[in-house]
Engineer: 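This is the structure, below, for whatever I ask next.
A, B, ... follow the sequence lines: proteins, then strands. Residue 1 opens every chain.
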Number of protein chains: 2
Amino acid sequence: MNPETQDLNQATLHYLDVIYRLSQGGEPATTNVIAERLGVTPSGASIMLRRLARRKLVQLTPYKGATLTPQGIKVALRTIRRHRLLEVFLIQVMGFRWHEVDKHAHALETVIDQEFEDRIDEITGHPTRCPHGHVIPTRDGVMPAVPDVKLVIQPIGTAGVIRCIDTDKPEWLEYFGQLGLMPGASITLKSIAPYGGAVTVATSEQTITLGYPLAEVILIEPDRTGDTTPTQSA
Amino acid sequence: MNPETQDLNQATLHYLDVIYRLSQGGEPATTNVIAERLGVTPSGASIMLRRLARRKLVQLTPYKGATLTPQGIKVALRTIRRHRLLEVFLIQVMGFRWHEVDKHAHALETVIDQEFEDRIDEITGHPTRCPHGHVIPTRDGVMPAVPDVKLVIQPIGTAGVIRCIDTDKPEWLEYFGQLGLMPGASITLKSIAPYGGAVTVATSEQTITLGYPLAEVILIEPDRTGDTTPTQSA
DNA sequence: ACTCAGGTTTGACACCGATTAAATTCATGA
DNA sequence: TCATGAATTTAATCGGTGTCAAACCTGAGT
């Protein structure tokens, strides 16, 4: 009944975490993709999904994919909350850098308990986002809505503030960090070359050209002002 | 070959940890006691011991007990080091109290990696003892020798400094903490009632009477001065 | 020397999370 | 409509960690 009291082991928690993130867009998570994310074979994932379905944690439609049940969502959000709080903690208290924290948080997220989670939350000052900008679910299992939008689908000239660097690739994160492209930084979309070409953006410091795949992970909150002046204010 | 690269899972690490501590006194660790410490049945422990022996981590003499191989010792000391460093960290950085840290450290000790261990070691200032006074093995797998001795086997009148409260019972630790009986405190053995009776000790603040089982876990370093004057210096 | 109790191991089994290989389903284009 | 290829599931199996019940050692006392 209460998810905290269930004996959910690490494997289960990792599956739920992955399924949650994959089914964010409304589409169920498919076996192959789940398997790939977890580094297991599709057949292994398939068997595990059946087990999770039996435990009423996922809603499984054979050959179609899996979504989480309300139960499963609750558990997944708890793990995600712990992961993101840990990331904040690892940077803020332990001095790690933002491209290093994901792997440590991943190892720790399934072993800490409620008391530990609360302690971290307190020490870090009840953060609402992880260092990369992902929203931290609340303690009672709600994922707050945010106005983040993809930079690359904005009209050219859009100015805003980076809210999230939506990737877990350490190399990408390190690169973004070197460029100063991190949550809080101001950014203006200058141009996008056609067919997934280079994306040029301007920060307060410099103009940067990024490959499309990189640019795609930048989420921003556009400035409220309707102005879209792409050039620097004289 | 290198223990760090072996795939040693959590169960294995916990077994080695327990066996190490049980065989401290020279006697091999017996199946029943190992099982009890780990909360499994003796048959389960027996099977696991055979597996550990096959992996060359323990030296198993059937019906007699188990000791660790050099390999096993190395792994055990690494886990113990992590446990004790974590305890220091949990108190010093995270604000837990000394009777709370064992369970958290236990959960974390098997999932952190070398990088994380080093980070904690650095942050906490390279401590040599855990909050309860147990010695922290060195990074390269050596358990430093210490001059700690049991208070209750000292002659009446012995004065010294508490070096270790050798128990993991949270209630006991909390009680010792309330009394100010913790590593660093000065203590004098005043009397021991016969047949495991009450033990009376004096600190700089007060005179305390403890049950024998409690008193037994106090390890001290006796003052160098040969003096054993049991009464307060006038 | 023998018995007996406690400690220990073995046997038979179960569950979990994987694997590989084979079978199955599904969507789609000819 | 039907064949095809990709995605998915099933079947058979494995290793790890446990259980219970039964068999087995071992040492201490008569």
Engineer: Can you list every side-chain hydrogen bond (donor to acceptor under 3.5 Å, both in side chains) pair that touches residues 90-100 of chain A, not counting sequence neighbours?
Structural biologist: none
Engineer: Considering only heavy atoms of chain A and a distance under 4.0 Å, specify the first and last nucleotide of DNA chain D in 5' to 3' order that meet this criterion.
Structural biologist: D:dA7 to D:dT10
Engineer: Can you pull out how bent the helix from C:dA1-D:dT30 to C:dA30-D:dT1 is, comparing the axes over its first five and last five pairs, to 10°?
Structural biologist: 20°
Engineer: With the threshold set at 4.0 Å, does a side-chain nitrogen-carboxylate oxygen contact exist between A:K103 and B:E115?
Structural biologist: yes
Engineer: Looking only at the aromatic ring of each residue, does the gap between the centers of B:H83 and B:H134 stay below 6.0 angstrom?
Structural biologist: no
Engineer: How would nucleotides 14-25 of chain C be written as a contact map, 5' to 3', with B for base contact, S for sugar-phosphate-only contact and - for no contact, using protein heavy atoms under 4.0 Å?
Structural biologist: --SBSBBB--BS
Engineer: I'd like to know if B:D166 pairs up with B:K150 as an ion pair, taking the criterion as any Lys NZ or Arg NE/NH1/NH2 lying under 4.0 Å from an Asp or Glu carboxylate oxygen.
Structural biologist: no
Engineer: Work out which heavy atom in A:L16 is nearest to a heavy atom in A:L68; give both atom names and the distance.
Structural biologist: CD2-CD2, 3.6 Å
Engineer: Determine, for A:R129 against A:D148, whether the closest basic-nitrogen to carboxylate-oxygen distance falls under 4.0 angstrom.
Structural biologist: yes
Engineer: Of the non-hydrogen atoms in B:I136 and B:P127, which two are nearest, and what is the gap between them?
Structural biologist: CD1-O, 3.7 Å
Engineer: Could you check whether A:R82 pairs with A:E109 (Lys NZ or Arg NE/NH1/NH2 to Asp/Glu carboxylate O, under 4.0 Å)?
Structural biologist: no
Engineer: Taking only Lys NZ, Arg NE, NH1 and NH2, and the carboxylate oxygens of Asp or Glu, determine whether B:R139 and B:D118 approach each other closer than 4.0 Å.
Structural biologist: yes
Engineer: Provide the closest heavy-atom pair for B:M94 versus A:I120 in the form atom of the first, atom of the second, distance.
Structural biologist: CE-CG1, 3.9 Å
Engineer: Using a cut-off of strictly less than 4.0 Å between a heavy atom of the residue and any atom of DNA chain C, enumerate the qualifying residues of residues 17-30 of chain B by number.
Structural biologist: B:T30
Engineer: OP1, OP2 of C:dT8 versus side-chain N and O of B:N32: anything below 4.0 Å?
Structural biologist: yes
Engineer: With a cut-off of 3.5 Å and sequence neighbours excluded, list every side-chain donor-acceptor pair involving residues 28-35 of chain A.
Structural biologist:
none

Engineer: Look at atom CD of B:E174 and say whether more than 12 heavy atoms of other residues, nucleotides or ligands are closer to it than 6.0 Å.
Structural biologist: yes
